[in-house]
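Scroll down for the structure; my scribbles are underneath it.
Below, read A as the first sequence line, B as the second, and so on, with proteins coming before strands; counting in each chain starts at 1. The structure displayed is predicted, hence computed values, not measured ones.
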Amino acid sequence: MTQQGSFQKVRVRYAPSPTGYLHVGGARTALYNFLYARKNHGDFILRVEDTDEARSSMESLRMVIDDMQWLGLTWEEGPNPKTLEDIGDFGPYKQSARQKIYQAVAQELLQKGLAYYCFLTDAEIEQQKAAVTAEGGQHHLQSPYENWSLAQAQEKLKAGDKAVVRFKTKNLKKDYVLHDLIRGEVRFPSDMVGDFVLLRSDGMPVYNFCCVVDDHLMQISHVLRAEEHLSNTLRQLMIYEAMSWVTPQFGHVSLVLDDDRQKLSKRKGATSCNQFRDEGYLPEAILNFIALLGWSHPEEKEVLSLKEMMDSFSTDRLHSSGAVFDRVKLKWVNAQHLRAKNETDLWQLVEPFLVKNQVAFFSSPQWQNQALRIFKPYMETLVDAVELFKTLDDKHFQIQAESKEVYDWPSSPAVLKAWKDVLEASVDSEITEEGFLKLQDEVKTKSGTKGKFLFMPMRVAVIGKPHGTELKTIIPLMTKKALVNRAEIALAKVNGQWN
RNA sequence: GUCCCCUUCGUCUAGAGGCCUAGGACGGCUCCCUUUCACGGAGCAGACACGAGUUCGAAUCUCGUAGGGGACGCCA
């Protein structure tokens, strides 16, 4: 009999296999586990499932850990984020370093006759599969070795033959019932699976086996994981029963899908956390957005801080159908978090993007704060700052094609001429908001225009396009010299040709 | 193919038998604010996959059908 529940303390884990970047689907699973731990004053453990030696790498582990750090999902136990050395009392936390543990458990199952050495080769398995498929039957593997005695098998092993250890699924109870936190009662017929591998022929354990062993040994109380593992749970339940171990509470969250309702794919755009970081997304926005893909706040709040999520998280608000990853809504969520930041903090985030794109800026914090105050409502991501700040950098100044219509107005040359003259006549080297308002009045009188016929040509002469920020707010951020220079370029253009 | 899971506006979701003429958010559209754009504000359109039951009453419970997804590895 396997029991469910009855653990001293909430202990949850996120167990990535380090075979690439941290995918947003994985990040969501990590987040749910993290939130559950924080809400229930439990432990959050990072376990590294690196038993697939061919695909796992230290570089990938590094990437996953960096992304988790960036997101702010911290763990009590697992690899130290800097040194990668284990922290915690239940280590090692890398499965590749736990082989002896798995082998001991496998031995116990072997001794009890609940598992057996199987010497079937790949070719033999293929052959058997083909034969069974031909007659349309169920293709569970039938191993001729399932009833061999341990001594018999060990002799063959000594002779140098390679064998895997298989779990024996004959003689088990008819079906297994899983009480899933999200899906309720799920019943699996035990003949759904055949004798599955526990240990590979090189002694390395296979996922379903080490997962159970580790969850038990690490005293994991709750397992929140992706739906793709739902049918694996049957195998795991069988192992728990064979070892008479108490099972944790399982909860299977559904998959994150692309807009074509397929599993999220790279072809449609970013899918990994580091890509979103490069695209100017805030970690709190990513967290907020992915949390809402399958979970909802009790008061239906949409813009949430990590703290608010930690305080209000519960598994009963997790739901079971697949969720499409809507990049448009992610942008909106990002904009909300971005606008909630004060200018000083925001500058810290924006500056690296400007530097990377060689956009010049003034070092004065007053200038930076003022610029951000103006640009914030125009920004959805940090990269948006690049185009915005370019308008203030002379080497990026150019009259955009969309300005042509404005320049074709008969009154526009007069406005530009007046603007340039008035600017040059001005005694100040920096133009304040009040100063600009005076100049603007002069231009109005001199050119005899008003409304959009006045403002649009002037805006083109300042930022290179007819739409954008209010002139009186942006002009104080520029030097008179730069403004005169731009006015000259604009005037030359309006008098010349559009090519 | 077999087994398992899922199915509410285009998308994310609220909804635990009467509070549902189905609520919110993103997106769309309209209007307001505004010299433009953006922000902000107000409003409009838009969904219970289908079919049978159970019940006085069903988005909610049951069963079927259809569609989607997942698993069937010496991957995780």
Taken in chain and number order and not counting sequence neighbours, the residues that satisfy side-chain hydrogen bond (donor to acceptor under 3.5 Å, both in side chains) with Tyr93(A) are Glu77(A)
[atom1] atoms of [N] and [M], separation to the nearest Å:
N      : M      : atom1 : result
A16(B) : C72(B) : P     : 37 Å
G53(B) : C12(B) : P     : 32 Å
C9(B)  : C3(B)  : P     : 29 Å
A42(B) : C33(B) : C1'   : 11 Å
G46(B) : G10(B) : P     : 11 Å

Mind listing the N/O atom pairs, protein and nucleotides 11-17 of chain B, below 3.5 Å?
unit_1, atom_1, unit_2, atom_2, d
C12(B), OP1, Arg261(A), NH2, 3.0
C12(B), OP1, Val324(A), N, 2.9
C12(B), O2', Leu292(A), O, 2.9
U13(B), OP1, Gly294(A), N, 2.6
U13(B), OP1, His319(A), NE2, 3.3
A14(B), OP1, Ser296(A), OG, 3.2
A14(B), OP2, His319(A), ND1, 3.3
A14(B), O2', Glu300(A), OE2, 3.4
G15(B), OP1, Arg317(A), NH1, 3.4

Below 3.5 Å, can you tabulate the donor-acceptor pairs from side chains in residues 327-335 of chain A to any protein atom, sequence neighbours excluded?
unit_1, atom_1, unit_2, atom_2, d
Arg327(A), NH1, Ala270(A), O, 2.6
Arg327(A), NH2, Ala270(A), O, 3.4
Lys329(A), NZ, Glu302(A), OE1, 3.1
Asn334(A), OD1, Leu282(A), N, 2.8
Asn334(A), ND2, Gly280(A), O, 3.4
Asn334(A), ND2, Glu380(A), O, 2.7

How does each nucleotide of nucleotides 39-45 of chain B score, in 5' to 3' order, for protein heavy atoms under 4.0 Å: base (B), sugar-phosphate only (S), or none (-)?
S------
Which pairs of donor and acceptor atoms, one on a side chain in residues 439-450 of chain A, lie under 3.5 Å apart (sequence neighbours left out)?
unit_1, atom_1, unit_2, atom_2, d
Thr445(A), OG1, Asp441(A), O, 2.8
Ser447(A), OG, Val443(A), O, 2.7
Ser447(A), OG, Thr449(A), N, 3.4
Ser447(A), OG, Thr449(A), OG1, 2.9

Going by atom type alone, with no hydrogens or angles, which donor-acceptor pairs under 3.5 Å involve a side-chain atom of residues 313-321 of chain A and a protein atom two or more places apart or on another chain?
unit_1, atom_1, unit_2, atom_2, d
Ser314(A), OG, Asp316(A), OD1, 2.5
Arg317(A), NE, Ser296(A), O, 2.9
Arg317(A), NE, Ser296(A), OG, 3.4
Arg317(A), NH2, Ser296(A), OG, 3.2

Looking at residues 115-124 of chain A, who's got a heavy atom less than 4.0 Å off RNA chain B?
Leu120(A), Asp122(A)
Under a 4.0 Å heavy-atom cut-off, which of residues 409-420 of chain A touch RNA chain B?
none
Quick one: salt bridge (charged side-chain N to carboxylate O under 4.0 Å, His left out) partners of Asp326(A), sequence neighbours excluded?
none
Side chain of Gln262(A) only, heavy atoms from C-beta on: which candidate in G69(B), C37(B), A71(B) is closest?
G69(B)
Scan residues 284-296 of chain A for pairs that pass salt bridge (Lys or Arg N to Asp or Glu O under 4.0 Å), counting only residues two or more places apart or in two chains.
Glu284(A)-Lys341(A)
How would you list, by chain and number, every residue that makes a side chain to side chain contact (heavy atoms under 4.5 Å, CB included) with Leu388(A), sequence neighbours excluded?
Phe375(A), Tyr378(A), Met379(A)
Pairing residues for Glu300(A) by the side chain to side chain contact (heavy atoms under 4.5 Å, CB included) criterion, not counting sequence neighbours
none
